[in-house]
Amino acid sequence: MNRLSLRVTAVSALAIPTLILAGCGGQGGDGAPASEPNPDASLRVGLVLEPTNLDIRHTSGAALEQILVDNVYEGLVTRTAENEIVPALATEWEVSDDGLIYTFALAEGVTFHSGAELTAQDAVASLEEVVSDESVVGHGDLAGVASVSAPDDTTVVVELSEPNQNLLFTLTGPAGLVLDEGDETDLQSAANGTGPFTLEEWNQGESIVLARNDDYWGEAAGVAEVVASYIPDFTAGVNAALDGSLDVLTAVDPQLAPQLDGANGFSLTKGKTTDKYVLAFNNAEAPFDDPRVREALRRAIDHEALVEAIGSAALQYGPIPELDPGYEDLSDVAPYDLARARELLTEAGQEDLQLELTIPSFYGTTIPTFLVSAFNDIGVELTVDPVEFSTWLQDVYTNGDYQLSVVNHVEPRDFGAWADPDYYFHYDNAEVQDLYAQAVSTVDADESAELLAQAARLVSEDDAADWLYTAETLVAVGPGVSGFPVDSINSRLDLASVTLAG
């Protein structure tokens, strides 16, 4: 995560509002469509988080990426649900041996939804805007771009001032989207991309409607229309699925999942994410400037019991989730141990410790209630302060005015936050910063992953925070639906390959 590419979601214990892959296919219903796919079908999908506006260039957020990237907008490259980088508008690319020059070959016959033809100059102008304009999402991620050029109408060349292992991954997000140069579309409420769907309608507070782009340069979308209905209330979402209003319901509350499993032909899928629920310590402030206090709090948390309470989550003991390069099982670093936790507090001279947890109110009570009980077991009194998200952003994220906080860090490959002492964690470790810099600058992906793993272990051994769990997404897929994505759908929901029978 770069400075303000913090992205958070909440869904009870899953995912909501944000500052937050091309999905792998999954069979719907009982695993096979009831009849042949209907190319004229309208697919009705229930989502939770609605964008505040549609300007993906100037508004950060998982909600925008989820519905617009790969569906309406495309970049030179994109990524799969497993975070593998694959071609999009660029059919292929080459990287120079020194890692400084990336040469992309554009697909031919691509047009924008307006009918304008895509040229290499459109890609150049789009990337140059990100590089030069601080207000554009992803500006900081492309800080090392020295130049972008188009030797001809089908070739784009990006030259870096220094190697950047993250460049291609950055180009799979908003920073890499290609827009029509000079287009005057009002991106706040409309869109003009090159994707398999056009933006048909946005009924603010209710739904976004996508229509198949019949002039799409690639394989046509499997349905004629997608109606994405925004239903923030989880019970209302389940009711909408059961009454026949939805074909798919995403972000099913684990407590409500049994109502849908097998009902009316629905089946449940469980998907991996990079949604990291982080218990942040303000490392710059007492008592969290003492590593013994931080370790004690970590050892007081029974992560397996917490995951069981959440109902749809995976264990994560370090800053890198399973889907990201550098992942390692770090469960050995600070295992659950109440006796050792009490000893550490005594060693630190902390008795009758009183702490405050600041948490966005939309996360509900499961996590804070669990932490209050866990810390009480080691003699620590925890007060919970649920706040509006805008307040959290100002007080915690911007001003660093907090002791403990919990938030869901959605974005993949965001380890850079631990190498940034100005980030709201206020974690400052020169060795971690050096390892991360090496990981970014090497041109060898395997070497980069190994360096990240080393840095991640240091961060965990330093007890810089606690990683409560990685969220998993539950999706109810109705009968006749095939190809609906399973993994990483909180950050990217590729709907082009989905079909609906009947």
Side-chain angles (χ1 to χ4, degrees), residues 1-6 98-100 139-145 160-167 169-170 274 276 278-299 316-321 324-334 344 347-348 350 396-405 407 409 411-467:
M1 256 183 313
N2 293 301
R3 290 300 299 150
L4 196 77
S5 71
L6 167 69
D98 60 7
L100 295 178
H139 168 76
D141 296 320
L142 295 186
V145 173
L160 305 179
S161 56
E162 58 185 10
N164 182 358
Q165 181 66 220
N166 291 332
L167 176 69
F169 194 82
T170 295
T274 55
K276 302 163 289 295
V278 179
L279 173 62
F281 304 147
N282 191 341
N283 285 260
E285 301 291 335
F288 304 102
D289 55 350
D290 188 331
R292 294 170 297 187
V293 173
R294 302 195 300 264
E295 183 182 349
L297 296 180
R298 293 191 70 192
R299 287 181 177 271
Q316 180 174 330
Y317 294 97
I320 298 180
D324 282 355
Y327 169 75
E328 180 187 1
D329 180 358
L330 297 175
S331 57
D332 62 307
V333 174
L344 286 163
E347 292 172 12
Q350 294 289 350
V396 178
Y397 183 75
T398 302
N399 296 334
D401 183 14
Y402 75 104
Q403 287 191 309
L404 293 161
S405 187
V407 80
H409 289 252
E411 192 171 72
R413 303 197 188 192
D414 61 357
F415 182 82
W418 301 103
D420 180 1
D422 293 328
Y423 199 70
Y424 82 96
F425 303 142
H426 298 154
Y427 174 67
D428 192 354
N429 184 313
E431 187 175 0
V432 169
Q433 293 159 22
D434 181 60
L435 286 168
Y436 180 68
Q438 293 181 54
V440 171
S441 62
T442 181
V443 296
D444 186 319
D446 291 337
E447 180 185 3
S448 178
E450 175 57 34
L451 290 164
L452 287 171
Q454 293 177 36
R457 177 167 282 277
L458 284 176
V459 171
S460 187
E461 290 175 343
D462 236 358
D463 301 297
D466 188 77
W467 297 271

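Because the structure is predicted, anything quoted here is derived from the model rather than measured. When reading the values below, keep in mind they use all heavy atoms of this one structure, side chains included, and skip hydrogens, waters and symmetry mates.
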Q: Could you pull out the closest heavy-atom pair between Pro287 and Gln403, with the gap in Å?
A: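 Taking every non-hydrogen atom into account, CD-NE2, 4.2 Å.
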Q: Atom CG in Leu100, atom OG in Ser161: separation rounded to 0.5 Å?
A: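 Leu100 CG to Ser161 OG: 8.0 Å, rounded to 0.5 Å.
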Q: His426 and Asn283: side-chain donor and acceptor closer than 3.5 Å?
A: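 His426 vs Asn283: no donor-acceptor pair found between side chains.
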Q: So, taking the atom named CG in Asp428 and the one named CG in Asp289, what distance separates them when rounded to the nearest 0.5 Å?
A: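 The CG atom of Asp289 is 13.0 Å from CG of Asp428, to the nearest 0.5 Å.
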Q: When you measure from the side chain of Ser448 to the backbone N and O of Thr442, does any donor-acceptor pair fall under 3.5 Å?
A: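 Side chain of Ser448 to backbone of Thr442, a donor-acceptor pair under 3.5 Å: no, none is there.
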Q: Measuring from atom OH of Tyr402 to atom CZ of Phe281, what distance do you get when rounded to the nearest 0.5 angstrom?
A: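 These two atoms lie 9.5 Å from each other.
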Q: Within the 4.5 Å heavy-atom criterion, are Phe169 and Pro412 side-chain neighbours or not?
A: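 Result yes, sub-4.5 Å side-chain heavy-atom pair found.
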Q: Which atom names give the shortest non-hydrogen contact between Pro163 and Val443, and what distance separates them?
A: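 Nearest pair, atom of Pro163 first, then Val443: CB-CG1, 4.1 Å.
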Q: Are the side chain of Asn399 and the backbone of Asp401 linked by a donor-acceptor contact shorter than 3.5 Å?
A: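 No, the answer is negative, given that no donor and acceptor are paired below the 3.5 Å cut-off.
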Q: Distance check, rounded to the nearest 0.5 Å: Leu404 atom CG versus Asn282 atom CG?
A: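 Answer for the CG-CG pair, Leu404 versus Asn282, is 9.0 Å.
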Q: If you define the side chain from C-beta out and look only at heavy atoms, does anything of Leu435 sit under 4.5 Å from Leu458?
A: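 Side-chain contact under 4.5 Å: yes.
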Q: For a 4.5 angstrom cut-off between non-hydrogen side-chain atoms, does Tyr436 reach Trp418?
A: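 Answer no - side chains too far apart.
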Q: Give me the atom names and distance for the closest heavy-atom approach of Leu452 to Pro325.
A: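 Scanning both residues, the minimum pair turns out to be CD1-O, 3.7 Å.
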Q: Are side-chain heavy atoms of Thr274 and Asp324 found at a separation under 4.5 Å?
A: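 In short, these two side chains touch, coming nearer than 4.5 Å.
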Q: Check whether any side-chain heavy atom of Thr398 sits under 4.5 Å from a side-chain heavy atom of Tyr424, and report yes or no.
A: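 No, every pair of side-chain atoms sits at 4.5 Å or beyond.
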Q: Can you give me the closest heavy-atom contact between Ala465 and Ala280, atom names plus distance?
A: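 So the two residues come closest at CB-CA, 4.4 Å.
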Q: Counting only heavy atoms not in Glu431, do more than 12 fall under 6.0 Å of its CD?
A: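 12 or below, so no.
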Q: Could you measure the distance from the CZ atom of Arg413 to the OG1 atom of Thr170? Nearest 0.5 Å is fine.
A: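 The distance works out to 9.0 Å.
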Q: Locate the shortest heavy-atom distance separating Leu330 from Pro319; write the atom from each residue and the value.
A: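 It is CD1-CD, 4.4 Å.
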Q: Nearest 0.5 angstrom please: Phe415 CZ to Ile320 CD1, how far?
A: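 CD1 of Ile320 is found 5.5 Å from CZ of Phe415.
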Q: Write down the atom of Phe288, the atom of Leu297, and the distance for their closest heavy-atom approach.
A: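 That would be CE2-CD1, 3.6 Å.
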Q: Evaluate the side-chain proximity of Ser460 to Trp467: yes if any heavy-atom separation is below 4.5 Å, no if none is.
A: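 They are in contact (side-chain heavy atoms under 4.5 Å apart), so the answer is yes.
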Q: When you measure from the side chain of Arg292 to the backbone of Leu344, do you find a donor-acceptor pair of N or O atoms at a distance under 3.5 Å?
A: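 Checking the backbone N and O of Leu344 against the side chain of Arg292, no donor-acceptor pair under 3.5 Å is found.
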Q: Which pairs count as salt bridge (Lys or Arg N to Asp or Glu O under 4.0 Å) when at least one residue sits in residues 438-464, sequence neighbours excluded?
A: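 Every salt bridge (Lys or Arg N to Asp or Glu O under 4.0 Å) pair that includes a residue of residues 438-464, provided the two are not neighbours, is Arg298-Asp463, Glu328-Arg457, Asp332-Arg457, Arg457-Glu461.
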Q: For residues Tyr317 and Val333, determine if any side-chain heavy atom of one lies less than 4.5 Å from a side-chain heavy atom of the other.
A: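 No - every pair of side-chain heavy atoms lies 4.5 Å or more apart.
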Q: Less than 3.5 Å apart, any donor N or O on the side chain of Asp434 or Gln438 sitting next to an acceptor on the other?
A: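 Note: Asp434 and Gln438 side chains meet the donor-acceptor criterion.
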Q: Would you say Asp420 and Gln433 are linked by a side-chain donor-acceptor pair, where the criterion is simply a distance under 3.5 Å?
A: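 Gln433 vs Asp420: no donor-acceptor pair found between side chains.
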Q: Less than 6.0 angstrom separating the ring centers of Phe425 and His409, yes or no?
A: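 They qualify: ring centres under 6.0 Å apart.
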Q: Are side-chain heavy atoms of Tyr427 and Val432 found at a separation under 4.5 Å?
A: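 A side-chain contact exists here, since the closest heavy-atom pair is under 4.5 Å.
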